[in-house]
Amino acid sequence: MEPHTTPSMVKNTLILAKFELKKLLFNPRGLISLFAFALVWLLILLYPVRSASSFLLTEEFKLLISAAFGESSINELFKWEVAEMAIFWIAALYLFPLFSIFVSADQFSSDKHRGTFRFLTLRTGRDSIFFGRFTGHMLIQSLLLILTILATVILAISRDMSLLLSALTSGALVFINVFIILLPYTAMMAILSLYANTARQATIYAILFWAISAIIIAIINSQLPSLAELLQWVLPGAQLSMMINTQGLGSLAYAPIPLIQAAVLLFLGRNYMKRSSL
């Protein structure tokens, strides 16, 4: 067995991460998933994003929204230089975490089902396996996020070529923010994938976890509002509704929340994997 020194652990982690990415790009099942993802986002971009962005540019729509929700409720939404990126920002905040649950559900469950963990642990340590799979799935989601952002940039410059620089700048900030948001979701799915026997079971556990958490927070909110506010910061994604009315560097003010959540979940997942009999 290879000694688990820090350099070898990092090397093995990167090898496993690259392997996860290759499974998406060179495996028939991965290519089908990539095609399905691209098709879904193509429909979203061509209809909701393009249509809504045209409304966002009109003064009448701004007045309507201000009258309905208050002038300061979503005022930052109208400050985006690229309307298409503003609508994409709202869609990405909610859809990419949902995609993350499905994309990251099979980090370890297939190995448990096939009994291949013993083979993997003969060649590298459990830390490399855990962080390698996590990193690989973050690479996959990063690739998907980059593709959708580039498609949004193309959609914006097809309307106005002068928006290229603004669209690329906004797209880079959207990428950083959404990438950070996805960290705790992927870390949570790593733990659930270790516990579940199949990817479907891990997905069901995730849906049940967020549904039950939302119900508990709603019940507590009606009785102890101050405690409910504290619990919302513990649940991944609780800050998303507040991020809608942000843009640019201002959105990064919420970055510490998912970063801390991801660090805690990765610590728990690593310890769970080291102590479990896989």
**Report entry** 4.5 Å side-chain heavy-atom contact, Y47 and L43
**Finding:** yes
Query raised in the report: Of all heavy-atom pairs between P184 and A262, which one has the smallest distance, and what is that distance?
Result: N-CB, 3.8 Å
Query - Under 3.5 Å: donor-acceptor pair, side chain of S100, backbone of F96 - result: no
Report task. Could you go through the side chain to side chain contact (heavy atoms under 4.5 Å, CB included) check for L266 and F130 one step at a time? Result -> CA-CA 9 Å; L266 287 173; F130 181 79; 3.8 Å; yes
Query raised in the report: To the nearest 0.5 Å, how far apart are CZ in R270 and NZ in K274?
Result: 5.0 Å
Report task. List the steps, then state whether ring pair (Phe, Tyr, Trp, His ring centres under 6.0 Å) holds for Y185 with W210. Result -> CA-CA 11 Å; Y185 283 90; W210 268 283; 5.2 Å; yes
Query - OG1 on T203 to CD on Q201, rounded to 0.5 Å - result: 10.0 Å
**Report entry** Test log, rule side chain to side chain contact (heavy atoms under 4.5 Å, CB included), inputs L21 and L25
**Finding:** CA-CA 7 Å; L21 186 59; L25 298 176; 4.2 Å; yes
Report task. Answer yes if the side chains of Q141 and T186 hold a donor-acceptor pair under 3.5 Å, and no otherwise. Result -> yes
Report task. Can you see which heavy atom on A105 is nearest to which on S109, and at what distance? Result -> O-OG, 3.6 Å
Query raised in the report: If you look at every heavy atom in L265 and P236, which pair is closest and at what distance?
Result: CD1-CG, 4.4 Å
Requested in this report: Treating Ile, Leu, Val, Met, Phe, Trp and Tyr as nodes and any side-chain heavy-atom pair under 4.5 angstrom as an edge, say whether F26 and L16 lie in one connected cluster.
Outcome: yes
Query - Pair F88 + W41: ring centers closer than 6.0 Å - result: yes
Requested in this report: Over all heavy atoms of both residues, which pair between E84 and T152 is shortest? Give the atoms and the distance, please.
Outcome: O-CG2, 3.8 Å
Report summary line: Taken to the nearest 0.5 Å, the spacing of L155 CG from L42 CG works out to 10.0 Å
Query raised in the report: Is L144 close to L34 at the side-chain level, that is, under 4.5 Å between some pair of heavy atoms?
Result: yes
**Report entry** Derivation and outcome, side chain to side chain contact (heavy atoms under 4.5 Å, CB included), residues S166 and W80
**Finding:** CA-CA 9 Å; S166 298; W80 287 72; over 6 Å; no
Query - Donor-acceptor contact below 3.5 Å, side chain T246 vs main chain M243 - result: yes
Query - Gap separating the CD1 atom of I15 from the NZ atom of K22, nearest 0.5 angstrom - result: 9.5 Å
Query raised in the report: Is any side-chain heavy atom of L143 less than 4.5 Å from a side-chain heavy atom of L139?
Result: no
Report task. Check whether any side-chain N or O of S193 sits under 3.5 Å from a backbone N or O of Q107 as a donor-acceptor pair, and report yes or no. Result -> yes
Requested in this report: Check whether V40 and L46 end up in the same hydrophobic cluster, where Ile, Leu, Val, Met, Phe, Trp and Tyr are linked by side-chain heavy atoms less than 4.5 Å apart.
Outcome: no
**Report entry** For I149 against G171, the heavy-atom pair lying closest together
**Finding:** CD1-O, 3.4 Å
Requested in this report: Report yes if some heavy atom in the side chain of P97 is under 4.5 Å from a heavy atom in the side chain of L240; otherwise report no.
Outcome: yes
Requested in this report: Answer with yes or no whether the hydrophobic clustering places I44 together with I154; edges join I, L, V, M, F, W, Y residues whose side-chain heavy atoms lie under 4.5 Å apart.
Outcome: no
Report task. Check the angle between the aromatic planes of F37 and F99 and answer parallel, tilted or perpendicular using the 30° and 60° thresholds. Result -> perpendicular
Query raised in the report: Could you go step by step and tell me if L98 and F102 meet the side chain to side chain contact (heavy atoms under 4.5 Å, CB included) rule?
Result: CA-CA 7 Å; L98 180 62; F102 294 96; 3.9 Å; yes
Requested in this report: Ignoring hydrogens and angles, tell me if any N or O in the side chain of R50 forms a donor-acceptor pair with the backbone of L45 under 3.5 Å.
Outcome: no
Requested in this report: Determine yes or no for a side-chain-to-main-chain donor-acceptor pair under 3.5 angstrom, with N177 supplying the side chain and I181 the backbone.
Outcome: no
Report task. Could you tell me the separation between the CZ atom of F175 and the CG atom of L150, rounded to the nearest 0.5 Å? Result -> 10.5 Å
Query raised in the report: Should M273 and I191 count as side-chain neighbours, where that means a heavy-atom distance under 4.5 Å?
Result: no
Query raised in the report: Is S128 reaching over with its side chain to a backbone N or O of T124, donor-acceptor style, under 3.5 angstrom?
Result: no
Query raised in the report: Side-chain contact, heavy-atom cut-off 4.5 Å: L252 with L249?
Result: yes
Requested in this report: Answer yes or no: is there a donor N or O on one side and an acceptor on the other, between the side chain of T148 and the main chain of L145, under 3.5 Å?
Outcome: yes
Query raised in the report: Just checking, is any N or O donor in the side chain of E81 or S170 under 3.5 Å from an acceptor N or O on the other one?
Result: no
Query raised in the report: Shortest non-hydrogen contact from M189 to A206?
Result: SD-CB, 3.5 Å
Query - Side-chain touch P258/L183, heavy atoms, less than 4.5 angstrom - result: no
Query - Side-chain heavy atoms of F209 within contact of L235, under 4.5 Å - result: yes
Report task. Tell me whether L163 is reachable from L165 by hopping between hydrophobic residues (I, L, V, M, F, W, Y) whose side-chain heavy atoms are closer than 4.5 Å. Result -> no
Query - Nearest-0.5 Å distance, CG of residue D127 to CG of residue N12 - result: 11.0 Å
Query raised in the report: Would one find more than 12 heavy atoms of other residues, nucleotides or ligands at under 6.0 Å from atom CZ of F19?
Result: no
Query raised in the report: Are F35 and I140 linked, directly or through other ILVMFWY residues, by side chains that come within less than 4.5 angstrom of each other?
Result: no
